[in-house]
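To start, the structure itself, in structure tokens.
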Amino acid sequence: MALRTILNKRDEALSKKCRPVEKFDKRLHTLLDDMKETLYHADGAGLAAPQVGILRRACVIDVGEGYIELINPEIISQSGEQTGVEGCLSCPNEWGYVTRAKNVTFRAQDRNGNFYEKSVEDLFARCVLHECDHLDGKVFTSLVTEWVDPKELEEN
Ligand code: NI
């Protein structure tokens, strides 16, 4: 495993629509292993492949409820609403309030290509939507309704 460089949102890879993963091979497994290590090293909640320069539809998430890998994820349904502070490993020191669905059900493939479906809520749902946005070239900063001073977060 190896750490990958996390690109800044200004990098053009962060604004590209990613292509589906078609080969569930060793190359993909290495990418996912590296993304996992990079995620934990950066102390993040989620990381999408374009953030490490790979324009494929894959992301990894761990919001403290277990580590999961989402390959070719699709949001099946979303409901409710939550407004909370969001950040991104590609946007150092940028924090802001974003309103998203509170409940999300998605379908994705695992690293071997097997389909699975999962329903998540709250922070997990927020993270799934945030990472899926990355796969379409969308960064959370475009959704911020109110910016937060990073110093205020440190005090709380
Ligand atoms: Ni992000």
Side-chain angles (χ1 to χ4, degrees), residues 1-21 28 30-76 78 80-111 118-154 156:
M1 290 204 289
L3 289 177
R4 302 243 180 161
T5 301
I6 299 175
L7 302 177
N8 187 278
K9 71 169 181 185
R10 290 188 297 273
D11 193 288
E12 64 175 16
L14 271 290
S15 58
K16 293 272 169 64
K17 187 174 171 70
C18 299
R19 289 166 291 158
V21 170
L28 174 68
T30 300
L31 170 67
L32 292 167
D33 289 342
D34 289 354
M35 285 172 63
K36 181 181 184 181
E37 188 177 354
T38 305
L39 174 71
Y40 287 129
H41 183 261
D43 199 23
L47 184 68
Q51 291 182 275
V52 294
I54 306 294
L55 298 178
R56 292 284 179 174
R57 305 187 78 81
C59 50
V60 299
I61 290 176
D62 188 345
V63 294
E65 296 178 45
Y67 169 78
I68 57 163
E69 296 171 344
L70 296 78
I71 317 300
N72 300 326
E74 283 184 41
I75 305 298
I76 295 172
Q78 40 183 321
E81 194 177 285
Q82 58 171 323
T83 300
V85 176
E86 213 164 292
C88 177
L89 293 175
S90 293
C91 313
N93 295 315
E94 289 191 89
W95 300 89
Y97 284 92
V98 176
T99 299
R100 295 190 187 270
K102 185 175 171 60
N103 304 284
V104 167
T105 299
F106 68 90
R107 195 167 93 109
Q109 284 165 282
D110 66 17
R111 61 165 58 203
K118 191 171 174 67
S119 294
V120 295
E121 57 182 28
D122 300 326
L123 181 60
F124 207 150
R126 172 181 296 286
C127 196
V128 167
L129 294 171
H130 177 122
E131 300 312 325
C132 286
D133 277 352
H134 275 305
L135 306 181
D136 289 325
K138 192 171 177 181
V139 178
F140 90 101
T141 47
S142 67
L143 301 174
V144 169
T145 51
E146 188 185 344
W147 292 96
V148 178
D149 185 345
K151 285 178 199 152
E152 283 176 38
L153 289 177
E154 283 166 22
N156 292 334

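All values below come from the heavy atoms of this structure, side chains included, with hydrogens, waters and symmetry mates left out. Remember, it's 1-based here, ligands and their atoms both numbered in the order they're listed. Just so you know, residue 1 is the first one in the sequence shown, and it goes up from there.
With a cut-off of 2.8 Å, the protein N/O/S atoms near the Ni ion (ligand 1) add up to 3.
Under the 3.5 Å distance criterion, the side-chain polar atoms of E131 are left unmatched by any main-chain donor or acceptor of V128. Between the side chain of S90 and the backbone N or O of L7 there is at least one donor-acceptor pair closer than 3.5 Å.
For D149, the CG atom counts as densely surrounded, since its 6.0 Å shell holds more than 12 non-hydrogen atoms of other residues, nucleotides or ligands.
A salt bridge links R111 and D33; the closest N-O separation between the charged side-chain nitrogens and carboxylate oxygens is under 4.0 Å.
Considering only residues two or more places apart in sequence or on other chains, D34 meets the salt bridge (charged side-chain N to carboxylate O under 4.0 Å, His left out) condition with R4.
In this pair, Y40 and Y67 present their aromatic rings tilted. The plane angle is within the 30 to 60° band.
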